[in-house]
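All remarks here apply to the structure that follows.
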Amino acid sequence: MWFASLGICAFPDCGEILMEATGDEQDFTDVGHECHIIARNDDPQVARSVSSLTVEEREQFRELIENRHGFSNLVLMCLRHSRIIDDPKQGHGVARVVEIKRAHEAAMNERRSPQDRRDAAAELAYAAIVDEWEDRIGLDDWERRVGPLVADGHPRMDIKHFDDLRSAGHWLFTRVWPRTNPDLERAFENLRVVVQDLLNVLDRYPHAHLRETGLVGIARFYNDPSYWGQGEPDFAALDEMYDYWSALVEDLAYELTRAVNLVCDVVRRTLDPSFRIRDGVNTLTSGPFMEDLSFRTHRPHYAPDAGPAPYEGLAKFLEARSTRDMHRGEGSPPPGLSLPGTPRFGH
């Protein structure tokens with residue numbers, strides 16, 4: 001947004017520059033306000049809150065309502081004009097502010113050289129991808145969506161969240177990338193591969209009863225006769241299979257959260273320094289633990305020197321996971337235990 005606005009207040013005929021130079025030629029202090037077009041909170045006393053919109057406006061600006069923190073719902077203003085447009089008595093409705101943003105950014109684009117315009121188009125393309133990805137993968141609801149995978153040793157996921165995650169992975173696979181920000185593109189690809197492997201492992205041996213209740217989970221091999229095969233069941237092997245598989249799902253859930261946090265870090269470093277600063281990093285909570293019934297919140301992150309694509313596929317992850325900041329399992333499968341695509345016990 002700062003790039004698209006050239007750091008200048010968008011209010012008509014204002015022109016105030018909202019960036020103060022520092023001693024570092026590559027850095028500046030921003031003194032502007034990133035104003036929400038659709039109000040961030042639904043308060044009738046705030047201009048352009050959802051509850052104040054007509055039915056027609058809610059339909060017309062549905063995309064802004066659903067993605068209130070996205071680039072398309074933000075407009076850069078100086079302090080004076082940010083207060084003016086956010087005062088309901090001033091009468092600056094959604095359509096008016098959307099037009100202010102459009103006209104200002106179009107005028108700023110005319111000031112750029114052809115190369116600067118190409119750079120701006122690439123920046124805006126990345127910003128649009130980040131905005132939609134943030135919504136598709138459910139960053140604002142991460143703990144509720146992914147937390148059950150690590151909560152209590154029996155990983156499961158709401159089938160809607162499972163489908164949403166698969167859809168987000170496919171969406172990432174089909175993006176057209178500007179090819180000007182390789183670190184961000186590699187971080188997204190790193191995430192996509194983790195999503196793919198997590199979902200494949202989680203759904204490799206589905207728990208039939210959980211599926212009927214709207215959840216995706218791993219079959220409890222030791223009490224599911226369909227996995228017992230012929231003759232006397234080897235309950236020790238079945239229990240070992242479940243323990244290994246559930247630990248792998250948990251470790252992939254932590255890896256997924258690392259991958260998401262990596263994307264956010266790269267966005268802040270290369271695109272938008274303020275991206276999700278107020279929200280903070282994504283975390284996962286496990287427990288209760290038997291020894292003290294406590295719950296523990298984890299903040300999975302890659303090591304600082306891990307690079308933009310630390311996940312090298314499932315086979316290498318089996319060994320690498322024990323070097324991560326946290327893990328439950330380690331190493332390759334026990335003898336006879338298969339990875340996706342190489343079934344055991346006839347499944």
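These numbers come from the heavy atoms of this one structure, side chains and all, not from hydrogens, waters or symmetry mates. Positions are given from 1, in the same order as the sequence printed here.
Here Lys89 pairs with Asp87 in a salt bridge; the nearest charged N to carboxylate O distance falls below 4.0 Å. Between Arg324 and Glu255 there is a salt bridge, with a side-chain nitrogen of the basic residue lying less than 4.0 Å from a carboxylate oxygen of the acidic one. Electrostatic pairing of Arg321 and Asp251 counts as a salt bridge here, judged by a charged N lying under 4.0 Å from a carboxylate O. Ion pair Glu110/Arg117 flagged as a salt bridge, since at least one NZ, NE, NH1 or NH2 atom sits closer than 4.0 Å to an Asp/Glu carboxylate oxygen. Ion pair Asp140/Arg276 flagged as a salt bridge, since at least one NZ, NE, NH1 or NH2 atom sits closer than 4.0 Å to an Asp/Glu carboxylate oxygen. Taking 4.0 Å as the cut-off between side-chain N and carboxylate O, Arg299 and Asp325 do not count as a salt-bridged pair. Between Asp119 and Arg112, none of the side-chain N atoms (NZ, or NE/NH1/NH2) sits under 4.0 Å from a carboxylate O, so this pair counts as no salt bridge. The existence of a salt bridge linking Arg192 and Glu189 is confirmed by a sub-4.0 Å separation between a basic side-chain nitrogen and an acidic carboxylate oxygen. Residues Arg136 and Asp131 are not paired through a salt bridge, judged by the lack of any N-O separation under 4.0 Å between the basic side chain and the carboxylate. Ion pairing of Arg269 with Asp183 is present here, as a side-chain N (NZ or NE/NH1/NH2) and a carboxylate O approach within less than 4.0 Å. Using a cut-off of 4.0 Å between Lys/Arg side-chain N and Asp/Glu carboxylate O, Asp163 and Arg166 are scored as not salt-bridged.
Residues His69 and His36 place their aromatic rings such that the two centres sit under 6.0 Å apart. Between His327 and Tyr254, the ring center distance fails the sub-6.0 Å criterion. In this structure, Phe188 has its ring center under 6.0 Å from that of Trp177.
Looking at Arg211, its side chain never comes within 3.5 Å of a backbone N or O of Pro206 through a donor-acceptor pair. Not one N or O on the side chain of Asn41 forms a donor-acceptor pair closer than 3.5 Å with the backbone of Asp43. Proximity of a side-chain donor or acceptor of Tyr126 to a complementary backbone N or O of Thr180 within less than 3.5 Å is detected. Remark: the backbone N or O of Asp243 is paired with a side-chain donor or acceptor of Ser246 at under 3.5 angstrom. Put simply, the side chain of Trp228 gets close to the backbone of Asp224: a donor and an acceptor are under 3.5 Å apart. Under a 3.5 Å cut-off, the side chain of Arg48 and the backbone N or O of Ile85 do form a donor-acceptor pair. Side chain of Glu57 to main chain of Thr54: a donor-acceptor pair is present (N/O by atom type, distance under 3.5 Å, no hydrogens or angles). With hydrogens and angles ignored, the 3.5 Å screen pairs no side-chain donor or acceptor of Asp152 with any backbone N or O of Gly287. Although no hydrogens or angles enter the test, the distance criterion places no donor-acceptor pair under 3.5 Å between the side chain of Arg83 and the main chain of Arg80. The backbone N or O of Thr285 lies less than 3.5 Å from a partner atom in the side chain of Glu143, making a donor-acceptor pair.
Taking hydrophobic clusters as Ile, Leu, Val, Met, Phe, Trp and Tyr residues chained together by side-chain heavy-atom distances below 4.5 Å, Val31 shares a cluster with Leu74. Under the 4.5 Å side-chain heavy-atom criterion for Ile, Leu, Val, Met, Phe, Trp and Tyr, Met1 and Val98 are members of distinct hydrophobic clusters.
Here the straight-line distance linking atom CG of Asp30 with atom CG of Leu76 works out to 8.5 Å at 0.5 Å rounding. If you take CD on Glu250 and NE2 on His298, they are separated by 8.5 Å, rounding to the nearest 0.5 Å. Between Asn73 atom CG and Leu64 atom CG the span is 5.0 Å, to the nearest 0.5 Å. If you take CE on Met77 and OG on Ser82, they are separated by 8.5 Å, rounding to the nearest 0.5 Å. Taken to the nearest 0.5 Å, the CG atom of Asn223 stands 10.0 Å off from the CG atom of Asp239.
More than 12 heavy atoms of other residues, nucleotides or ligands lie within 6.0 Å of CZ in Phe235, so this atom counts as buried by the packing criterion. The neighbour count for Arg296 CZ, taken as heavy atoms of other residues, nucleotides or ligands under 6.0 Å away, is above 12.
Side chains of Ile129 and Leu184 form no contact here, defined as non-hydrogen atoms less than 4.5 Å apart. With contacts defined as side-chain heavy-atom distances shorter than 4.5 Å, the pair Trp2/Glu34 qualifies. The shortest side-chain heavy-atom distance between Val75 and Val97 falls under the 4.5 Å cut-off. For the pair Ile8 and Ser5, the minimum side-chain heavy-atom distance is 4.5 Å or more. Looking only at side-chain heavy atoms (C-beta outward), Met241 and Tyr205 come within less than 4.5 Å of each other.
Taking Ile, Leu, Val, Met, Phe, Trp and Tyr as members and joining any whose side-chain heavy atoms lie under 4.5 Å apart, directly or through other members, the hydrophobic cluster of Leu210 also contains Leu215.
Using modelled atom types, one finds no donor on one side chain facing an acceptor on the other under 3.5 Å when comparing Asn282 with Thr257.
Among residues at least two apart or in separate chains, ring pair (Phe, Tyr, Trp, His ring centres under 6.0 Å) pairs with a member in residues 145-168 are His154-Tyr242.
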Output, in order, the C-alpha distance, side-chain angles, deciding distance and verdict of ring pair (Phe, Tyr, Trp, His ring centres under 6.0 Å) for Phe11 and His92. CA-CA 11 Å; Phe11 200 86; His92 289 282; 5.7 Å; yes
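Residues Met157 and Leu149 share a closest heavy-atom pair of CE-CD1, 3.7 Å.
Among residues two or more places apart in sequence or in another chain, the salt bridge (charged side-chain N to carboxylate O under 4.0 Å, His left out) test is passed with Glu123 by none.
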